[in-house]
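Structure, as structure tokens:
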2 protein chains.
Amino acid sequence: MPRGRTRDEDARDRVLAAAFSLVGSSGTEQVSINAIAEEAGVAKQTIYRWWPSRTAVVLDALVEGTMKATPFRETDDIRTDFEHHLAGVVKLFNSPSGRVIRELLAEAPSDPQIAEEFVARFWGPRRDLSLARLQRGIERGEIRADIDEEVVLDAIYGPMWIRLMIGHLPMKPVDATRIVDAIWPGIQVAD
Amino acid sequence: MPRGRTRDEDARDRVLAAAFSLVGSSGTEQVSINAIAEEAGVAKQTIYRWWPSRTAVVLDALVEGTMKATPFRETDDIRTDFEHHLAGVVKLFNSPSGRVIRELLAEAPSDPQIAEEFVARFWGPRRDLSLARLQRGIERGEIRADIDEEVVLDAIYGPMWIRLMIGHLPMKPVDATRIVDAIWPGIQVAD
DNA sequence: TTTCAGCGAGACTAGAAGTCTCGTTGTTCA
DNA sequence: TGAACAACGAGACTTCTAGTCTCGCTGAAA
């Protein structure tokens, strides 16, 4: 056990909560590191002692705060499982998390480290769940074996991401069904 | 005709070229407004006289620089036209323009004005071309009339955008075909 | 009770966006 | 031709924020 005072875990939680809350409600404005520190009742140095940058805090807050969002149901009806999952994505993107994700991705071009971690810790794990589900569909003979899995996944997720990032159209729950309707005929095994 | 010295159109062109070149090659680093001014051989005030912000310059540069990119062929084979168009998108996104688009979209969350203009001047017009092509397909009885056109368009473009923004996978020309392969069975009129 | 790292507070530094001023240049109009 | 005037290059200046540094204090471990 190292000497000295131990880390204040409560302060850690307050920082993550403050970061998530501020970035999720205000849109980047007022979300200086000072504002996060003040909201959390913490000194700025306490933040920089544990995180390398403001964006790293937000990423941690996102990963921690949405750990259990967009679960993947495992029933015998793969198609419906995907619809269910996508509906969860719509809900997530329309919540404060959506704004946090958008802000985070906006930092990615200027911070490759963040971009990499975002993929490794947030996007990757979720996408892998989908991939596994797709592969199980192939094993069970319900999904065609000759599809390009990566392209199919990106076609399934793409519409939501494009709307989150560009914002040209709203995301509605019914779109989850429509996306699956559009994709499914191309990947299912012909009856 | 107003009195006084007229605008230096050559300086305007140099500013746009410098902005596009710097943002397209270096990734946001070294792309301060000072750097653009220096590269263009222009005073900073000359930039702010004509553009409201640094990002507005980059948007103009993008619109001007990619006016003729990703054209939409009009043959009798709609499916191949889409493949051709998507292949153009892949090429565009893999070029310096891709980086410029990414940087621009990264500014969008903190600058609603830019977000709106990006849609109105870049994304909207291109998307409308696709939409018109899709609708012509419906009129000609090649595409199903009951599809949700917006969702289909976003499913077609989505994979490229998601890869541009997240960067989890490269974009290859062959993906253009694979995307269309994945989407087409769901939207074409059954034989 | 000594040691020592974490803590809050806040001064400080560095760098970039955007503003302001100034003397100069080029165009229009009387 | 020359006065009026706006755009120009140059660069100082202001403002804001990310991130650093220093301080005296606090609390857990040995």
Side-chain angles (χ1 to χ4, degrees), chain A residues 1-19 22-23 26-61 100 103-104 106-115 117, chain B residues 1-19 22-23 26-61 103-104 106-114 117:
Chain A
M1 194 73 177
R3 296 276 276 266
R5 189 170 175 175
T6 52
R7 177 173 189 178
D8 184 341
E9 294 296 335
D10 191 56
R12 173 182 175 278
D13 294 345
R14 289 204 312 275
V15 169
L16 292 182
L22 286 175
V23 174
S26 315
T28 329
E29 277 92 319
Q30 316 301 336
V31 195
S32 61
I33 199 83
N34 277 319
I36 294 175
E38 191 174 348
E39 171 84 9
V42 142
K44 209 163 31 155
Q45 183 56 38
T46 299
I47 295 179
Y48 283 110
R49 200 188 325 272
W50 301 107
W51 289 276
S53 70
R54 178 186 146 283
T55 316
V57 178
V58 179
L59 177 58
D60 267 15
V100 174
E103 301 284 346
L104 215 42
E107 299 291 331
S110 57
D111 191 337
Q113 175 78 28
I114 285 293
E117 273 198 53
Chain B
M1 195 72 179
R3 297 275 276 264
R5 188 170 175 175
T6 52
R7 177 172 189 179
D8 185 342
E9 294 297 333
D10 192 56
R12 172 182 176 276
D13 294 344
R14 289 203 311 274
V15 168
L16 292 182
L22 285 176
V23 174
S26 314
T28 327
E29 276 93 318
Q30 315 302 333
V31 196
S32 62
I33 200 82
N34 276 320
I36 293 174
E38 190 174 347
E39 171 86 7
V42 143
K44 206 164 32 158
Q45 183 57 37
T46 300
I47 294 179
Y48 282 110
R49 201 188 327 272
W50 302 107
W51 289 277
S53 71
R54 180 185 144 284
T55 316
V57 178
V58 179
L59 177 58
D60 267 15
E103 301 283 346
L104 217 41
E107 299 291 330
S110 58
D111 190 339
Q113 175 77 29
I114 284 293
E117 273 197 55

If I take atom [atom1] in residue [X] and atom [atom2] in nucleotide [N], what distance separates them, rounded to the nearest angstrom?
X: I36(B); N: dG18(C); atom1: CD1; atom2: C1'; result: 13 Å
X: D10(A); N: dG27(D); atom1: CG; atom2: P; result: 14 Å
X: R7(A); N: dA29(D); atom1: CZ; atom2: P; result: 17 Å
X: K44(A); N: dC21(D); atom1: NZ; atom2: C1'; result: 11 Å
X: I33(A); N: dG10(C); atom1: CD1; atom2: P; result: 18 Å
X: E9(B); N: dA7(D); atom1: CD; atom2: P; result: 12 Å
X: E38(A); N: dG8(C); atom1: CD; atom2: C1'; result: 13 Å
X: Y48(A); N: dT22(D); atom1: OH; atom2: P; result: 17 Å

* To do: With the side chain counted from C-beta on, respond yes when W51(A) and L16(A) share a heavy-atom pair under 4.5 Å apart, and no when they do not.
  =>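 Yes, at least one pair of side-chain atoms sits under 4.5 Å.
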* Asked: Is there a side-chain contact between W50(B) and R12(B), using heavy atoms and a 4.5 Å cut-off?
  ->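 No; the side chains remain at least 4.5 Å from each other.
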* Asked: Under 3.5 Å, is there an N or O donor on one side and an acceptor on the other linking the side chain of Q45(A) and the base of dC7(C)?
  ->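 Between dC7(C) and Q45(A), which were checked side chain against base, a qualifying N/O pair under 3.5 Å is absent.
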* **Residue closer to the 5' end of DNA chain D, N34(A) versus A40(B) (nearest nucleotide)** =>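 Looking at DNA chain D, the more 5' nearest nucleotide goes with A40(B).
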So, does [X] get its side chain near the phosphate of [N], meaning an N or O under 4.0 Å from OP1 or OP2?
X: R49(A); N: dC7(C); answer: yes
X: T46(A); N: dG8(C); answer: yes
X: W50(B); N: dC8(D); answer: yes

* **Overall bend - the helix from dT1(C)-dA30(D) to dA30(C)-dT1(D), comparing terminal axes fitted on five pairs, nearest 10 degrees** =>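 The helix from dT1(C)-dA30(D) to dA30(C)-dT1(D) shows an end-to-end axis angle of 10°.
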* How would nucleotides 24-30 of chain C be written as a contact map, 5' to 3', with B for base contact, S for sugar-phosphate-only contact and - for no contact, using protein heavy atoms under 4.0 Å? -> -BBBBS-
